[in-house]
Amino acid sequence: MTAVTDLSGAHAVYDVDRVRKDFPILGREIHGRPLVYLDSANSAQKPQVVIDAEADLYAHHYANVARAVHTLGSEATNAFEAARDTVAAFLNAPSRDEVVFTKNISEALNLLAYSFSNASTFPGAERFRLGPGDEIVVTEMEHHSNLVPWQLLAQRTGATFRWIPLDDEGRLVSAAIDEVINERTKVVSFVYQSNALGTINPVARLVARAREVGAISIVDAAQAAPHLPLDVQEIGADFVAFTGHKLYGPTGVGVLWGRYDLLAAMPPFLGGGEMIETVDMTGTTYAAPPHRFEAGTPAIAQVVALATAVEWVQGVGLDAIHAHEVALLEHALEVLPTVEGLHIVGPTTAVDRGATISFTLDGVHPHDVAQLLDERGIAVRAGHHCARPVCVRYGVAATTRASFAAYTTLGEIDALVAGLREVGEMFR
Amino acid sequence: MSMPSPQLESMYQEVILDHYKHPHHKGLQDDFDAEVHHVNPTCGDEVTLRVRVRDGAVAEVSYDGQGCSISQASTSVMTELVTGRQVTDALGLQEEFLALMQGRGQVEPDEESLEDAVVFAGVAKYPARVKCALLGWMAWKDATARAVAGEGNPV
Ligand SMILES: Cc1ncc(COP(=O)(O)O)c(C=O)c1O
């Protein structure tokens, strides 16, 4: 269905030029230079098929979902629910009813944290109850979206908020894992691939340890979904979430996958239309998952276009994308350190690490680096990447971050290196 | 859309880099009427600034700070501009600079009054950096208001 479908064969040569042709924005010039977009970890660009899918729904099949009996309502509902099938297959979910659409991964994680606190008075939800003496565990490398909701939950319930610390290389302190996750732990929520460091965490070990102590395990796969095949059965966690806009999909849509038995016992987060079974002035009963967690009119066109994004990724092939990104990563890890004064913050080898690289440049503030690179057409991110504790851990106020995607080329990495050399010289 | 060449457009004029590398009035002075500490959370820029006011004029401004080149150079340029001026005149300059920064690149800077500070005109097009350029100016305004209030002779 896309121009690149024929690349899906496992042994096909990865044709990055062909992939790039799917992204109209990559033809743009910025300040008279060709755009070099190295900020995909922040948000990925969109292939034309995704842009078209959203427009097509509005142009030809639009009405509200789930409540209309007319033709357009039925078409929109069918497209929306077909998207659920597509996402369920993408995740290898045992059931489509385990796929909940949210507005982004931040909402998915907050949904869990608020449902858990609602469990304190919800019949049959003892499994999710937390109180003083219980512990919630995250890691020191979490995005604020997987950190603040759990701090808030700890405050609401009196549970203790704990974290697995980072070592000097940007990995979890291995020896701390079994100590921090212990018999008191009720929830373990951690990032699969760090947006700030690029580190890929030992997911199997963390999930196994959580299971061993009877804790609920949650995986923030926002940065993993665009780069690694995600199989929720293989991962074995209780919940896995990702966000659409980093997976070449639209903004306004995220996904929470959860084990059906847990979702079925979990209290609702938001109340409203579509999440009920029956409503009475004296009380309400709730719909079964996934609808229990989808109050109100969802992001219909965006959900449909997310499915198109998933199909686009499957068309190119996640294995092929991954192999391409590993090649980019290895090249970048080799050439970036040749820039005078550049220091990588995070793992310096391609082992258990994704194609997202944070660094500092001696004597130049990251915002100046990013601004000066922008003047050369190169888009990178600068700041604390919504993971401020990571910057604190490594004693830097901010870093510059370059992140790669299916459409990134080796030439763009060389352009980054050349740009960084020029920036360094200006400040010397 | 055709774009001017990066050289012509660069936000980083020589003056900015000069002030960043060789800041003026940096280093806190002991004789002062008011001290403030301002931060810009987006860049993590920080400035601690001291002001001494005498006979309705800005007698001395000194500061210490760290952060991006825009915030540090803008603070340095500001100290040059306001020192020795009547407080009312200096506040007028501050307002002119503020209007330039908030003008989204639409306000024509007046080199006559703003002197070296006109080099920051390019910053106005980048909303994320406007706070950097304003950091020192806002700190100075705050400190001066406190100094004047402390003196008990409002301007
Ligand atoms: C690891 C990780 N988790 C969560 C998020 C939050 O994503 P969103 O803003 O789409 O909710 C991000 C995005 O920056 C991320 O990188």
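Since we're looking at a predicted model, the values are computed, not measured. Numbers restart at 1 for each chain; the letters A, B, ... are given by sequence-line order, proteins then strands.
Only the side chain of B:L17 comes within contact range of chain A, judged by heavy atoms closer than 4.5 Å.
For A:Q151, the CD atom sits in a packed shell: over 12 heavy atoms of surrounding residues, nucleotides or ligands are nearer than 6.0 Å. More than 12 heavy atoms of other residues, nucleotides or ligands sit less than 6.0 Å from atom CD of A:E169. Environment of CZ in A:R20: crowded, with over 12 heavy atoms of neighbouring residues, nucleotides or ligands closer than 6.0 Å. Under a cut-off of 6.0 angstrom, the local environment of NZ in A:K103 is sparse, with at most 12 non-hydrogen atoms contributed by other residues, nucleotides or ligands.
Pairs passing the salt bridge (charged side-chain N to carboxylate O under 4.0 Å, His left out) check and including a residue from residues 63-73 of chain B, sequence neighbours excluded, do not occur.
Distance check: B:K21 NZ to A:R428 CZ gives 9.5 Å after rounding to the nearest 0.5 Å.
Below 30°, between 30° and 60°, or above 60°: for B:Y126 and A:H31 the angle between ring planes is between 30° and 60°, a tilted geometry.
Residues of residues 363-371 of chain A lying under 4.5 angstrom from chain B, judged on non-hydrogen atoms, are A:G363, A:H365, A:H367, A:D368, A:Q371 in numerical order.
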